[in-house]
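One structure is given here, and the rest of the page talks about it.
Here, residue 1 is the first one in the sequence, and each next residue gets the next number. Computed from a prediction, not measured in an experiment: that's the story for all the values here.
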Amino acid sequence: MSGWLVDRFKLLRHVLNDVTGQKIDDSVEIRLPIRSDYGANLKIGKQVFINSGAMFTDLGRIELEDKVLVGPNVTIISVNHPLNPEKRHGIELKAVLIKENAWLGANATILPGVTVGENAVVAAGAVVSKDVPANTVVAGVPAKVIKKSEENNMSFGYITPLSANVERQRITLKIVRS
């Protein structure tokens, strides 16, 4: 990997370390842009891959365990508003947990309070409003189980991250503080 690209990844990790208040492991790979409304309640495990356009509304806490794959334009939300019109301007916080080796497909939306189980797959475009059992595939709006693994493992094995063998175009990092 060329020197400028390594420097950009180091800068991105440094910024994320500052925003999240944790050390982002060198095995984590993130494609810009990435968005978060808060950042300090976002926990990212090892060997996590986050594709471009991901949005984390993390005020209520979001945790991505090790080996999680987040597709392009995935939205994970840990904040909601009450249904009662008189209280609607308030907020309700419900943590989201994405367990080890889960895969969130492109444009999936994970709603507050959801746990996505180990090795689970959330299909592209799914809206997940309830917990996803381990070793299952969910799809649709609202998401429903469409496949269960006969084995207790839907692991696809480890694939070398793209950063290990592909030159990338120039990365632009824009930091906006309000």
Side-chain angles (χ1 to χ4, degrees), residues 11-25 28-134 136-146 172-178:
L11 176 59
L12 176 58
R13 269 197 195 83
H14 177 73
V15 170
L16 285 174
N17 289 344
D18 185 46
V19 169
T20 64
Q22 75 171 85
K23 182 184 181 314
I24 303 297
D25 192 79
V28 172
E29 205 167 331
I30 299 173
R31 300 285 175 271
L32 296 176
I34 179 176
R35 297 171 291 157
S36 174
D37 70 334
Y38 190 62
N41 292 323
L42 177 60
K43 183 176 181 204
I44 302 172
K46 296 177 182 176
Q47 295 180 325
V48 170
F49 176 82
I50 301 171
N51 215 324
S52 63
M55 173 61 187
F56 301 100
T57 305
D58 67 297
L59 188 59
R61 185 165 172 74
I62 295 171
E63 180 176 353
L64 308 176
E65 290 188 350
D66 296 345
K67 301 178 188 175
V68 167
L69 300 175
V70 177
N73 302 312
V74 164
T75 300
I76 303 176
I77 304 168
S78 66
V79 179
N80 204 356
H81 297 277
L83 287 176
N84 181 334
E86 293 174 12
K87 297 180 180 180
R88 192 161 295 156
H89 288 277
I91 58 173
E92 298 172 338
L93 306 178
K94 293 182 181 177
V96 173
L97 175 60
I98 312 299
K99 303 283 276 176
E100 186 170 342
N101 207 42
W103 174 17
L104 309 179
N107 295 301
T109 300
I110 311 300
L111 296 177
V114 167
T115 295
V116 176
E118 188 173 352
N119 300 316
V121 176
V122 176
V127 176
V128 182
S129 59
K130 295 181 179 169
D131 290 352
V132 176
T136 62
V137 178
V138 298
V141 180
K144 296 192 183 326
V145 174
I146 62 169
T172 304
L173 179 62
K174 182 177 180 182
I175 303 169
V176 178
R177 297 253 185 199
S178 40

Check this for me: does any side-chain nitrogen of one of Lys99 and Glu118 sit under 4.0 Å from a carboxylate oxygen of the other? no
Smallest heavy-atom separation, Arg61 atom then Ser78 atom, equals N-OG, 3.4 Å
Are Val74 and Asn51 close enough that some pair of their side-chain heavy atoms sits under 4.5 Å apart? no
Spatial distance of atom CG (Leu111) from atom NZ (Lys94) [nearest 0.5 Å]: 10.0 Å
Looking only at heavy atoms, which two atoms of Ala123 and Ala108 are closest? And how far apart? O-CB, 4.0 Å
Can you check side chain to side chain contact (heavy atoms under 4.5 Å, CB included) on Ile91 and His81, steps first, answer last? CA-CA 5 Å; Ile91 58 173; His81 297 277; 3.9 Å; yes
Go through the steps for Asp66 and Gln47 under the test side chain to side chain contact (heavy atoms under 4.5 Å, CB included), then give the verdict. CA-CA 6 Å; Asp66 296 345; Gln47 295 180 325; 5.7 Å; no
Nearest-0.5 Å distance that lies between atom CD1 in Ile44 and atom CZ in Phe56: 6.0 Å
Flag side-chain contact, heavy atom, 4.5 Å: Leu64 against Ile50: yes
Are Ile62 and Asn41 side-chain neighbours, meaning at least one heavy-atom pair lies under 4.5 Å? no
Any heavy-atom pair between the side chains of Val116 and Val68 that's under 4.5 Å? no
Taking all non-hydrogen atoms of both residues into account, name the closest pair between Asp131 and Gly113 and its distance. OD1-O, 3.7 Å
To the nearest 0.5 Å, what is the distance between OG1 (Thr57) and CD1 (Ile110)? 12.5 Å
Separation between CD1 of Ile98 and CD1 of Ile76, rounded to the nearest 0.5 Å: 4.5 Å
Where is the tightest heavy-atom contact between Gly60 and Leu93, given as atom of each residue plus distance? CA-CB, 3.8 Å
For Ile24, is there any backbone N or O sitting under 3.5 Å from a side-chain donor or acceptor partner on Asn17? yes
Going from OH on Tyr38 to CG on Asp58, what distance comes out if it is rounded to the nearest 0.5 angstrom? 8.5 Å
Would you indicate whether the side-chain heavy atoms of Leu104 and Val128 approach each other to under 4.5 Å? no
Answer yes or no: is there a side-chain heavy-atom contact under 4.5 Å between Val96 and Ile77? no
Tell me the closest heavy-atom pair linking Ser129 and Val114, and the distance in Å. C-CG2, 3.6 Å
Distance-minimising heavy-atom pair for Val141 and Gly125: CG2-O, 3.8 Å
Here the gap from Glu29 atom CD to Leu12 atom CG, rounded to the nearest 0.5 Å, amounts to 10.5 Å
In Ile30, Val28, Leu42, the residue satisfying side-chain contact (heavy atoms from CB on, under 4.5 Å) with Leu16 is Ile30
